[in-house]
Visitor: 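Quick one: structure below, then a few questions.
For this chain, numbers begin at 1 and follow the sequence in order. Since the structure is predicted, the reported quantities are computational estimates derived from the model, not experimental observations.
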Amino acid sequence: MIYRIFNSNENTVNYVCPDQATIDQGQAYGFQGIYSIGTEQDAQNILTTNQANWLNQNLGLFSVNKDIDVTEGTQWIACNLDEEPDSDDMRYQIFNVIDGYYNEATGLNSAKTLLNQTKQNTQNWFVALNSFETWPKPPSPTLSEGVQTL
């Protein structure tokens, strides 16, 4: 099995292959990336590391607002869920980086769960693991004939 881990932070691809012959074939086919010999567990370890690095570099993408009722209506203010008091009825809005919308959660525990799930979904979107049995064959070059006039 060949494992492909894309890392959008570094704009790189890691290939984890079962043996050197598979690496040689991938390189001969023109697949660019970082190659290593390993197993599915090795690929999972690279994925986990790349996802943690991605999250550390992109924490600023995630935001949480809470609903404060004021006489003029509703006001949303930014907050840090780790500093919020426990609440079962406070409404929070968690920004979804992938679709650009806010998702609502009621209560601190629900908000923390939604924020963690949003982070995980976003990590999975930007740092992904795919696998395939063999290298896809590279496309054949297209040749065209003709006359060029200068």
Visitor: Give, for atom OG1 of Thr12 and atom CG of Asn50, the distance between the pair rounded to the nearest 0.5 Å.
Guide: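 CG of Asn50 is found 6.5 Å from OG1 of Thr12.
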Visitor: Kindly compute the distance separating OG (Ser8) from CG (Asn58), expressed to the nearest 0.5 Å.
Guide: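 It is 7.0 Å, given to the nearest 0.5 Å.
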Visitor: Taking side chain to side chain contact (heavy atoms under 4.5 Å, CB included) as the test, write out the residues that go with Gln20, two or more places apart.
Guide: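 So Gln20 forms a side chain to side chain contact (heavy atoms under 4.5 Å, CB included) with Ile23, Asp24, Ile37.
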Visitor: Taking only residues at least two apart or on different chains, which pairs with a member in residues 52-76 satisfy ring pair (Phe, Tyr, Trp, His ring centres under 6.0 Å)?
Guide: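 Every pair satisfying ring pair (Phe, Tyr, Trp, His ring centres under 6.0 Å) with a residue in residues 52-76: Trp54-Phe126.
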Visitor: Do you reckon Ile2 sits in the same ILVMFWY cluster as Val16, going by side-chain contacts under 4.5 Å, direct or chained?
Guide: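 Result: no, two separate clusters.
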Visitor: So, using salt bridge (charged side-chain N to carboxylate O under 4.0 Å, His left out) as the criterion, who are the partners of Glu104 when residues are at least two apart?
Guide: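 Expected list: Arg91.
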Visitor: What pairs of residues pass the ring pair (Phe, Tyr, Trp, His ring centres under 6.0 Å) test when at least one of them lies in residues 78-123, not counting sequence neighbours?
Guide: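 As it turns out, the ring pair (Phe, Tyr, Trp, His ring centres under 6.0 Å) pairs with a partner in residues 78-123, which skip direct neighbours, are Phe95-Tyr102.
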Visitor: Could you note down all residue pairs passing ring pair (Phe, Tyr, Trp, His ring centres under 6.0 Å) where residues 15-53 supplies at least one of them, sequence neighbours left out?
Guide: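 Non-adjacent pairs meeting ring pair (Phe, Tyr, Trp, His ring centres under 6.0 Å): Tyr15-Tyr35, Tyr15-Trp135, Phe31-Trp135.
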Visitor: What distance separates Asn121 CG from Asp99 CG, expressed to the nearest 0.5 Å?
Guide: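 CG of Asp99 is found 10.0 Å from CG of Asn121.
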Visitor: Would you please test Asp42 and Thr39 for side chain to side chain contact (heavy atoms under 4.5 Å, CB included) and show each step?
Guide: CA-CA 5 Å; Asp42 296 315; Thr39 64; 3.3 Å; yes
Visitor: Under 4.5 Å between side-chain heavy atoms, counting indirect links through other Ile/Leu/Val/Met/Phe/Trp/Tyr residues: same cluster for Tyr3 and Phe132 or not?
Guide: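 Not linked; separate clusters.
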Visitor: Test Leu114 against every option in Leu81, Thr106, Ile94, Val64 by the side-chain contact (heavy atoms from CB on, under 4.5 Å) rule and name the one that passes.
Guide: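 The single option meeting the side-chain contact (heavy atoms from CB on, under 4.5 Å) with Leu114 is Ile94.
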Visitor: Do side-chain atoms of Asn116 reach the backbone of Thr113 as a donor and acceptor pair under 3.5 angstrom?
Guide: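 No, Asn116 side chain to Thr113 backbone: no donor-acceptor pair under 3.5 Å.
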Visitor: Membership question, hydrophobic clusters at under 4.5 Å side-chain separation (ILVMFWY): are Phe6 and Leu47 in the same one?
Guide: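 Result: no, two separate clusters.
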Visitor: Nearest 0.5 Å, please: how far is OG1 in Thr74 from CG in Asp69?
Guide: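 These two atoms lie 5.0 Å from each other.
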Visitor: Tell me, please, which residues at least two apart from Gln51 pass side chain to side chain donor-acceptor pair (under 3.5 Å).
Guide: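 Asn124.
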Visitor: Thr122 and Ile98: which non-hydrogen atoms are nearest, and at how many Å?
Guide: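 In terms of heavy atoms, the two residues are closest at CA-CD1, 3.8 Å.
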Visitor: For Glu40, check side chain to side chain donor-acceptor pair (under 3.5 Å) against everything at least two apart and list the hits.
Guide: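 So Glu40 forms no side chain to side chain donor-acceptor pair (under 3.5 Å) with any residue.
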Visitor: Out of curiosity, Leu129 CG to Arg4 CZ, how far, rounded to the nearest 0.5 Å?
Guide: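 Between Leu129 CG and Arg4 CZ, I get 10.0 Å after rounding to 0.5 Å.
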Visitor: Partners of Thr48 by side chain to side chain donor-acceptor pair (under 3.5 Å), sequence neighbours excluded?
Guide: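 Expected list: none.
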Visitor: For Ser87, enumerate each residue passing the side chain to side chain contact (heavy atoms under 4.5 Å, CB included) test, keeping only those at least two apart in sequence or located in another chain.
Guide: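 With neighbours one apart ignored, the set is Asp89, Met90.
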Visitor: Rounded to the nearest 0.5 Å, what's the gap from OG on Ser63 to CG on Asn80? Could you check?
Guide: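 It comes to 12.0 Å.
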Visitor: Show the nearest heavy-atom pair for residues Ala52 and Gln123, with the distance to one decimal.
Guide: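 The pair with the smallest heavy-atom distance is N-NE2, 4.1 Å.
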Visitor: Just jot down the side chain to side chain donor-acceptor pair (under 3.5 Å) partners of Asn96, sequence neighbours excluded, or say none.
Guide: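 Per chain and number, Asn96 pairs via side chain to side chain donor-acceptor pair (under 3.5 Å) with no residue.
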Visitor: Is there a path of hydrophobic side-chain contacts, each under 4.5 Å between heavy atoms of I/L/V/M/F/W/Y residues, joining Ile34 to Val13?
Guide: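 No, no single cluster joins them.
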Visitor: Could I get the full list of salt bridge (charged side-chain N to carboxylate O under 4.0 Å, His left out) partners for Lys119, not counting sequence neighbours?
Guide: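 Lys119 satisfies salt bridge (charged side-chain N to carboxylate O under 4.0 Å, His left out) with no residue once adjacent residues are dropped.
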Visitor: Residues two or more places apart in sequence or in another chain: which of them pass side chain to side chain contact (heavy atoms under 4.5 Å, CB included) with Asp19?
Guide: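 Testing Asp19 for side chain to side chain contact (heavy atoms under 4.5 Å, CB included), a comparison that skips the adjacent residues, returns Ala21, Thr22.
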